[in-house]
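One-based numbering along the sequence shown.
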Amino acid sequence: MKDLHISLLSDIYGGLLTEKQRDIVRDYFDYDLSLGEIAASYGISRQAVADTVKTCERSLCKYEETLGFAARLADIRAAVASVSDSLAHGESVKAKADADALLSEL
């Protein structure tokens with residue numbers, strides 16, 4: 001996979017891209033197709049694909065910078081992992097406290 005971070009951002013913010021942009025980003029980042037393969041399937045130049053990928057990368061990063069959903073998702077995952085770890089170690093009081101803190105933030 002070329003860039004897992006961009007793939008994640010695409011999952012979160014892909015609806016803000018055009019359908020063609022979403023398809024090209026998915027082909028490039030998720031399916032690991034080359035610029036040439038994508039260009040051939042859409043009947044456009046490699047340069048057009050490269051420009052679209054770069055434009056979408058910038059847009060997705062800007063959306064994350066502004067909205068921060070991916071960062072927040074990572075924080076939630078870490079908090080849930082902490083609760084799970086506490087439960088696995090028999091620390092139910094700590095797990096409950098961590099879960100309560102997470103719920104209060106949501």
Compare every heavy atom of Arg22 with every heavy atom of Leu17, then report the nearest pair and how far apart it is. O-NH1, 2.7 Å
Among residues at least two apart in sequence or on other chains, which ones pass side-chain hydrogen bond (donor to acceptor under 3.5 Å, both in side chains) with Tyr63? none
Tell me, which pairs form a salt bridge (charged side-chain N to carboxylate O under 4.0 Å, His left out) where one or both residues lie in residues 43-56, sequence neighbours left out? Lys54-Glu57
Partner set under side-chain hydrogen bond (donor to acceptor under 3.5 Å, both in side chains) for Ser41, not counting sequence neighbours: none
Residues in side-chain contact (heavy atoms from CB on, under 4.5 Å) with Ala97, at least two apart? none
Residues in salt bridge (Lys or Arg N to Asp or Glu O under 4.0 Å) with Asp23, at least two apart? Arg26
Which is it for Ile24 and Cys56 under the side-chain contact (heavy atoms from CB on, under 4.5 Å) test, yes or no, and what are the steps along the way? CA-CA 9 Å; Ile24 289 172; Cys56 291; over 6 Å; no
What distance do Asp27 atom CG and Ser34 atom OG have between them, rounded to the nearest 0.5 Å? 10.5 Å
Can you tell me if Tyr13 uses its side chain to pair, donor with acceptor, with the backbone of Phe69 under 3.5 Å? yes
Does the side chain of Val53 reach to within under 4.5 Å of the side chain of Phe29, using non-hydrogen atoms? yes
With side-chain contact (heavy atoms from CB on, under 4.5 Å) as the criterion, how do Ile6 and Asp30 come out once you've worked through the C-alpha distance, each side chain's angles and the decisive distance to 0.1 Å? CA-CA 9 Å; Ile6 296 299; Asp30 295 348; over 6 Å; no
When clusters are formed by joining ILVMFWY residues with side-chain heavy atoms under 4.5 Å apart, either directly or through shared neighbours, do Ile44 and Tyr31 land in the same one? yes
With sequence neighbours left out, write down each residue that passes salt bridge (Lys or Arg N to Asp or Glu O under 4.0 Å) with Arg72, or none if nothing qualifies. Glu105
Using salt bridge (Lys or Arg N to Asp or Glu O under 4.0 Å) as the criterion, list what pairs up with Asp11, not counting sequence neighbours. none
Ala48 backbone acceptor or donor facing Thr52 side chain under 3.5 Å: yes
In chain order, what residues pass the side-chain hydrogen bond (donor to acceptor under 3.5 Å, both in side chains) check against Lys20, with sequence neighbours excluded? none
By salt bridge (Lys or Arg N to Asp or Glu O under 4.0 Å), which residues pair with Glu64, not counting sequence neighbours? none
Sequence-distant partners of Lys62, side-chain hydrogen bond (donor to acceptor under 3.5 Å, both in side chains), two or more places apart: none
Could you check if a side-chain atom of Leu35 sits within less than 4.5 angstrom of a side-chain atom of Tyr28, using non-hydrogen atoms only? yes
Side-chain donor-acceptor pairs under 3.5 Å in residues 76-87, sequence neighbours left out?
residue, atom, partner, partner atom, Å
Ser82, OG, Asp98, OD2, 3.1
Asp85, OD1, His89, ND1, 3.2
Ser86, OG, Ser82, O, 3.1

